[in-house]
Amino acid sequence: MRALEQIFHFLFDMYGGQGWWPVTPVCGCRGETPAEPIYGMANITEKQRLEIIAGAVLTQNTAWKNAEKAIIELNRRGWIDVKKLRSVPEKELGQAILSSGYYNQKAKKLKAIADFLTQHSIQNLRKMPLQEARSLLLGVKGVGKETADSILLYALDKPIFVIDAYTRRIFSRLGLINAKADYDAVQKFFMDNLPHDVFMFKDYHALIVQHAKKYYQGKSPGKECPLVKKFAA
DNA sequence: AACCAGGACGTGA
DNA sequence: TCACGTCATGGT
């Protein structure tokens, strides 16, 4: 099964490297605030890792643009900080992230994660074996499989493949997975057929989102998708 | 003006 | 296990 690797290269040639996770310029922490999202992120800061974790929650079933506004507001208030997230009243936190939708639930989730990070620091989580960190994350209320895996991959640099609704749409359309397959089965399929490379995993998922936004929204998903004629079974 | 966005969780069958 | 309701703002 080389299809998955071939599709990655096809998408990479088509769109180029995506440089996910998109860290906001205001969380730059590199002296100057860059005008555009930072690509590569080999030496990301602790604060940026926390911003990614918060972003993973804020973008749940929400357009990234709306989540991003909330992230910028959190930065503006100086709340991309574990202690701040814990100490600020939940109601105020909700107001700060209003634009991301589900703001009451997400305020609770951010607090739950902040509490969790007090017990298990980002540094410790990074040193931890993948599965151990994963099960700990899944124990946090509001953190499901996709969010946990997004955090593991993009904030903690762990080699795990993120599955989302877009992944299902594209690859079931190609006939490579069953549309009703559960999260773990789809993830296993990708991880069994790809080298476990963190940078590739990051860009692959980002490319899937980019591609899906172009060809898999609206009525008749996948209509003009160039992957279909080349890779559909 | 419906419809949907880079989901997760609680509930009842 | 599985289907379904709930949470909610902002763009098309």
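Letters go in sequence order (proteins before strands), and every chain restarts at 1. Keep in mind that this is a model prediction, so the values were computed, not measured.
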What contact category does [X] fall into here, base, sugar-phosphate, or nothing, at under 4.0 angstrom with non-hydrogen atoms?
X	result
Tyr102(A)	base
Lys65(A)	nothing
Val162(A)	nothing
Ser100(A)	nothing

Roughly, in whole Å, what's the span from [atom1] in [X] to [atom2] in [N]?
X	N	atom1	atom2	value
Leu137(A)	dA8(B)	CG	C1'	15 Å
Gln105(A)	dG7(B)	CD	P	14 Å
Ile52(A)	dG6(B)	CD1	P	18 Å
Asn104(A)	dG10(B)	CG	P	16 Å
Tyr183(A)	dG6(B)	OH	P	16 Å
Asp184(A)	dA8(B)	CG	C1'	15 Å
Asp164(A)	dA5(B)	CG	C1'	11 Å
Lys145(A)	dG6(B)	NZ	C1'	18 Å

Task: Ring-base stacking, Tyr166(A) with dG6(B) (5.5 Å, 30° cut-offs) - done: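 No, Tyr166(A) does not stack on the base of dG6(B), since the centre distance and plane angle fail the 5.5 Å and 30° test.
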Taking the same atom, [atom1], in [N] and in [M], what whole-Å distance lies between them?
N	M	atom1	answer
dC3(B)	dG5(C)	P	15 Å
dC4(B)	dC4(C)	P	16 Å
dA8(B)	dG10(C)	P	22 Å

Task: 5'-most by nearest nucleotide on DNA chain B - Ala148(A) or Arg169(A) - done: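 Checking each residue's closest nucleotide, the 5'-ward one belongs to Arg169(A).
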Open item on the list: Assuming nearest nucleotide by heavy-atom distance, tell me which of Val209(A) and Leu138(A) is located more 5' along DNA chain B.
Closed with: Val209(A)
- [ ] At the 4.0 Å heavy-atom cut-off to chain A, mark where contacts on DNA chain C begin and end, going 5' to 3'.
- [x] dC7(C) to dG11(C)
TODO: Step through the shown structure and confirm whether more than 12 heavy atoms of other residues, nucleotides or ligands are within 6.0 Å of CD on Gln123(A).
DONE: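 No, not enclosed.
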Task: Neighbour count above 12 (heavy atom, 6.0 Å) for Lys141(A) NZ - done: no
Task: Single-linkage hydrophobic cluster Met200(A)~Tyr15(A), side-chain heavy atoms < 4.5 angstrom - done: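 Yes, it is one cluster - the side chains of Met200(A) and Tyr15(A) are joined through contacts under 4.5 Å.
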Task: Side chain of Thr147(A) - closest among dG6(B), dG7(B), dG10(B) - done: dG7(B)
Task: Short side-chain N/O contact from Ser150(A) to OP1 or OP2 of dG6(B), under 4.0 Å - done: no
- [ ] Indicate the ring-plane relationship of Phe8(A) and Tyr204(A), choosing parallel, tilted or perpendicular according to the 30° and 60° boundaries.
- [x] tilted
Task: Parallel, tilted or perpendicular: rings of Trp21(A) and Trp64(A) (30°, 60°) - done: perpendicular
Open item on the list: Does this structure show an ion pair linking Glu73(A) with Arg76(A), if we count only N-O contacts that are shorter than 4.0 Å?
Closed with: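 Salt bridge: yes.
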TODO: Answer yes or no: is there a side-chain heavy-atom contact under 4.5 Å between Met14(A) and Pro226(A)?
DONE: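 The answer is yes; the side chains approach within 4.5 Å.
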Task: Distance flag, aromatic centroids of Tyr216(A) and Tyr166(A), threshold under 6.0 Å - done: no
